[in-house]
Amino acid sequence: MTRRFLIGCSAFLISALLAVPASAQRNKRGQDPALKPRPVKLKTKDNIELTAFYFPSAEGKEAIPVLLIHEWKGQFSPYQKLCMAMRSAGLAVLLVEYRGHGNSRQYTKPNGDKEDFNISRMGKRDIQAIIQYDLEEAKQFLKEENNEGRLNLNALAVVGIQEGAIMASHWAVRDWGFPSVGRLKQGQDVKALVYVSPVKNFNGLTIDSTLRDRNVGVLPTMIVAGRESPEADEAERLGGRITALRKRLKIDGLEVKLESTSLSGPALINEVPSTASDIVKFIKANVPVSESENEWIER
């Protein structure tokens, strides 16, 4: 465990504690440790150690989980404010610093030595590995929390920022590609998507290609971007594409929000106060949890 990781985690825990209401701090001795915000370590099937940051909910089996996917060359720190806003609204949030980013910069060579990823050389195969292994491992963590009764994995929302929006859409297709086996539910958990400052193309991957999936193409979807930002045109184009698709199918569930700013990605979320609250409202309004809709299921 590196000194940088220890310092980062300490700062995370201190700031998370300061963000907890005073009444909750007074009762912290009786609080379940499993309900405290914390960094967690994950290990993928291809042997990559990842650092993630988890903000649990006190809503138990009614808690909507959110998988937050940061932008390329991004990390956790700019998203703590959004994570805390979601947690305060009763959502359970997990952000993974995927391979090559943040505290997940190393991999193990065949001889056992550690080496840093060279992000400038990471390409399409690495992005596909993030989708196949890193995000899937994040879901396995949420699955364990589900089985402990601390969230409802069957009501999963995914938020992707910039390049993370493309990864979010492709992972949603992957998730919906796992059919149930008998009474065992394996996938089809993503129930809403939020794209913040989406980019059009990322090393050959696009959101457009995922709209052909009959399940993902009709999920409740929110698109957020700055009206004067570099991603504004793409946000409007993508919104138009989804609108046309849903018009043919007579399906609602799309919200496009263009803020009066030139900010993008984490800056848009942090500097425009309504952005975080609008994302929370969209998720809660479009992912109902009851015995008849997105019911809790042991996995």
Inset, instruction - Could you check Val190 against Val216 for side chain to side chain contact (heavy atoms under 4.5 Å, CB included), going step by step and ending with a plain yes or no? - result: CA-CA 8 Å; Val190 179; Val216 173; over 6 Å; no

Inset, instruction - Please assess Leu67 against Trp171 for the test side chain to side chain contact (heavy atoms under 4.5 Å, CB included), listing each intermediate value before the final yes or no. - result: CA-CA 11 Å; Leu67 178 58; Trp171 185 76; 4.1 Å; yes

Inset, instruction - Please lay out, stage by stage, how Met222 and Ile279 fare under the test side chain to side chain contact (heavy atoms under 4.5 Å, CB included). - result: CA-CA 8 Å; Met222 181 181 194; Ile279 291 172; 4.3 Å; yes

Legend entry - Working for side chain to side chain contact (heavy atoms under 4.5 Å, CB included), residues Lys139 and Leu153: CA-CA 9 Å; Lys139 183 181 175 181; Leu153 185 57; 3.9 Å; yes

Legend entry - Worked verdict on Glu136 versus Arg174 for salt bridge (charged side-chain N to carboxylate O under 4.0 Å, His left out): CA-CA 9 Å; Glu136 200 61 36; Arg174 175 181 170 82; 3.3 Å; yes

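Here the side chain of Asn152 pairs no donor or acceptor atom with the backbone of Ala63 at under 3.5 angstrom. Judged purely by atom type and a 3.5 angstrom limit, Arg99 has no side-chain atom pairing as donor or acceptor with the backbone of Asp126. The main-chain N or O of Ala34 is found under 3.5 Å from a side-chain atom of Arg38 such that the two form a donor-acceptor pair. A donor-acceptor contact shorter than 3.5 Å links the side chain of Ser57 to the backbone of Gly90. Put simply, the side chain of Glu49 never gets that close to the backbone of Lys43: no donor and acceptor are under 3.5 Å apart. Between the side chain of Trp296 and the backbone N or O of Glu62, no donor-acceptor pair lies under 3.5 Å. Of the possible donor and acceptor atoms, none in the side chain of Arg246 sits under 3.5 Å from a partner among the backbone N and O of Ile251. Checking side-chain atoms of Lys284 against main-chain N and O of Ala89 turns up a donor-acceptor pair under 3.5 Å.
Look at Lys200 and Glu234 and you find no salt bridge, because none of the NZ, NE, NH1 or NH2 atoms lies under 4.0 Å from a carboxylate O.
Around atom CD of Gln186, more than 12 heavy atoms belonging to other residues, nucleotides or ligands sit under 6.0 Å away.
Donor-acceptor pairing under 3.5 Å is lacking for the side chains of Lys191 and Asn286. Side-chain atoms of Glu231 and Ser264 form a donor-acceptor pair, as typed in the model, at a separation below 3.5 Å.
Side-chain atoms of Pro78 and Asn270, non-hydrogen and from C-beta on, do get closer than 4.5 Å to each other. Proximity of Asp46 to Tyr107: side-chain heavy atoms (C-beta onward) are nowhere separated by under 4.5 Å. At a threshold of 4.5 Å between non-hydrogen side-chain atoms, the residues Tyr79 and Val159 do not count as touching.
Separation of the Tyr98 and His70 ring centroids falls under the 6.0 Å cut-off.
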